[in-house]
Number of protein chains: 2
Amino acid sequence: MLSKKTQYAFHALIYLAENVDKGPILISEIASEKSISIKFLENILLELKNAGILGSKKGKGGGYYLLRTPKEIPLARIIRLLDGPIALLPCVSLNYYERCENCKDEAICGLHEVMSKVRDATLKLLENKSLKDILTRE
Amino acid sequence: MLSKKTQYAFHALIYLAENVDKGPILISEIASEKSISIKFLENILLELKNAGILGSKKGKGGGYYLLRTPKEIPLARIIRLLDGPIALLPCVSLNYYERCENCKDEAICGLHEVMSKVRDATLKLLENKSLKDILTRE
DNA sequence: CATAAAGTCTATAAAAAATATAGACTAATT
DNA sequence: AATTAGTCTATATTTTTTATAGACTTTATG
């Protein structure tokens, strides 16, 4: 399951995408529109900013805005940033790999093989689908 | 990521499958072979027993054993039992479904659509791959 | 039938992670 | 100068995960 953090991030990004024309959007506006604790959302938006996904502006007329088009923001990027590994086991993670103890040889480990396939199938979708793909179509 | 509980369950089941010919296997033997806390493993094996996956025998000569052939034990079954939902969001879970607030219509929710696809791709593997598939091939 | 072996059950503890909040600080606008 | 709005660091709370304890039941067998 994705954490609340990641779920909130998706909803915030969707809101930002749907309101690009309005310029910078207030944290408080996103929070109330999407029913997210404003302080919690602050942290999330900051992380997205530090990762280069969002830009921000302080002071009056400030707020957050997308730095790229929705199509250029893969879902996998957001999940990895806020949730960590997408793989089901550390030993098959591409970005957060950890060798498994008790496993002499990953090459002949059946668990490793199946979980690699699961990872690949998941990534094929999450790397190729972007923020654009989760915007509500009328 | 799969919990330790599920990971331990897989290792225990693999050990049981690889030693079917030896009759009932002691919890303590599995625990020491697989470096798992014996008390923690107890709980896990009990859950597997209550779910009808393992059988057990008390007293001398007792222990745990598989009730079915490895081929008849899908990986998805174990994961759902010990870890819960396989889907990334409650609103796309088949076995642990929860409606999402803030979402007027799942039918037109883009997030719902993508996450359903991820679930399907994952399940296609985890429902069809079984304990047999994760046994180490020489 | 007594004893020892081995799983069962219930409860609790400890640790880690997820979720949420507080408040002082900085930058931009007017 | 005053106000607005994001930034940063720290901490608190809650939930989940992981682990442990100990009394109880069943079975085998000498």
Side-chain angles (χ1 to χ4, degrees), chain A residues 1-12 16 22-32 34-67 79 81-85 88-90 96 98 101, chain B residues 1-12 16 22-32 34-67 79 81-85 88-90 96 98 101:
Chain A
M1 286 279 191
L2 298 177
S3 66
K4 291 276 181 197
K5 215 168 165 182
T6 300
Q7 294 182 42
Y8 291 162
F10 280 141
H11 288 122
L16 288 172
K22 287 171 53 181
I25 308 283
L26 295 183
I27 301 177
S28 56
E29 179 178 341
I30 305 172
S32 77
K34 296 293 187 171
S35 311
I36 305 171
S37 142
I38 187 170
K39 273 294 184 179
F40 196 32
L41 183 58
E42 257 182 41
N43 297 325
I44 296 167
L45 295 178
L46 240 197
E47 282 194 72
L48 290 168
K49 183 198 167 178
N50 293 333
I53 293 160
L54 296 182
S56 69
K57 206 185 151 195
K58 288 186 178 178
K60 187 158 191 183
Y64 279 98
Y65 48 89
L66 294 174
L67 280 183
I79 296 176
L81 181 65
L82 298 165
D83 245 25
L88 293 181
L89 293 177
Y96 301 82
E98 277 175 53
E101 334 81 56
Chain B
M1 284 278 190
L2 298 178
S3 66
K4 290 276 180 198
K5 216 168 166 183
T6 300
Q7 294 182 42
Y8 291 161
F10 280 140
H11 288 122
L16 289 172
K22 289 170 53 180
I25 308 284
L26 296 182
I27 301 177
S28 56
E29 179 178 341
I30 304 172
S32 76
K34 296 291 186 171
S35 312
I36 305 171
S37 143
I38 187 171
K39 273 292 183 181
F40 196 34
L41 184 57
E42 257 182 41
N43 297 328
I44 295 167
L45 295 177
L46 241 197
E47 283 193 72
L48 290 167
K49 184 197 167 180
N50 292 334
I53 293 160
L54 296 181
S56 69
K57 207 184 152 196
K58 288 184 177 182
K60 187 160 190 181
Y64 278 97
Y65 49 90
L66 294 174
L67 281 182
I79 295 176
L81 182 65
L82 297 165
D83 245 24
L88 293 182
L89 294 177
Y96 300 83
E98 278 175 53
E101 334 80 57

Rounded to the Å, how far apart are [X] [atom1] and [N] [atom2]?
X	N	atom1	atom2	value
A/I30	D/dG6	CD1	C1'	12 Å
B/M1	C/dA16	CE	C1'	15 Å
A/I44	D/dC8	CD1	P	16 Å

Write down the atom of [X], the atom of [Y], and the distance for their closest heavy-atom approach.
X	Y	value
B/F10	B/L2	CE1-CD1, 3.9 Å
B/S56	B/K49	OG-NZ, 3.3 Å
B/I27	B/L41	O-CD2, 3.7 Å
A/G55	A/L67	N-CG, 3.4 Å
A/K57	A/Y65	N-CE2, 4.1 Å

task: For DNA chain D, determine which residues of residues 46-60 of chain A have any heavy atom closer than 4.0 angstrom to one of its atoms, and list them numerically.
output: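 Heavy-atom cutoff 4.0 Å gives A/L46, A/K49, A/S56, A/K57, A/K58, A/G59, A/K60.
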
Worked verdict on A/K34 versus A/Y8 for side-chain contact (heavy atoms from CB on, under 4.5 Å): CA-CA 8 Å; A/K34 296 293 187 171; A/Y8 291 162; over 6 Å; no

message: Classify A/L45 by what it touches in the nucleic acid, base, sugar-phosphate, or nothing, heavy-atom distance under 4.0 Å.
response: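 Answer is nothing: A/L45 stays at 4.0 Å or more from every strand.
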
- prompt: Reckon A/I25 touches a base, only the sugar-phosphate, or nothing at all at heavy-atom distances under 4.0 Å?
  reply: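 Result for A/I25 = sugar-phosphate.
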
message: Both A/L26 and B/G61 contact DNA chain D. Which one's nearest nucleotide lies toward the 5' end?
response: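 First, find each residue's nearest nucleotide; the 5'-ward one identifies A/L26.
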
Identified side-chain contact (heavy atoms from CB on, under 4.5 Å) counterpart of B/L81 within the set B/L48, B/I44, B/T6: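 When side-chain contact (heavy atoms from CB on, under 4.5 Å) is applied between B/L81 and each of B/L48, B/I44, B/T6, only B/L48 qualifies.
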
- line: For nucleotides 13-22 of chain D, 5' to 3', base contacts (B), sugar-phosphate-only contacts (S) and non-contacts (-) with protein non-hydrogen atoms under 4.0 Å give -----SBBBB

query: Taking 4.0 angstrom as the limit, do B/K22 and B/E29 come out as a salt bridge?
result: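 Yes, B/K22 and B/E29 are salt-bridged.
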
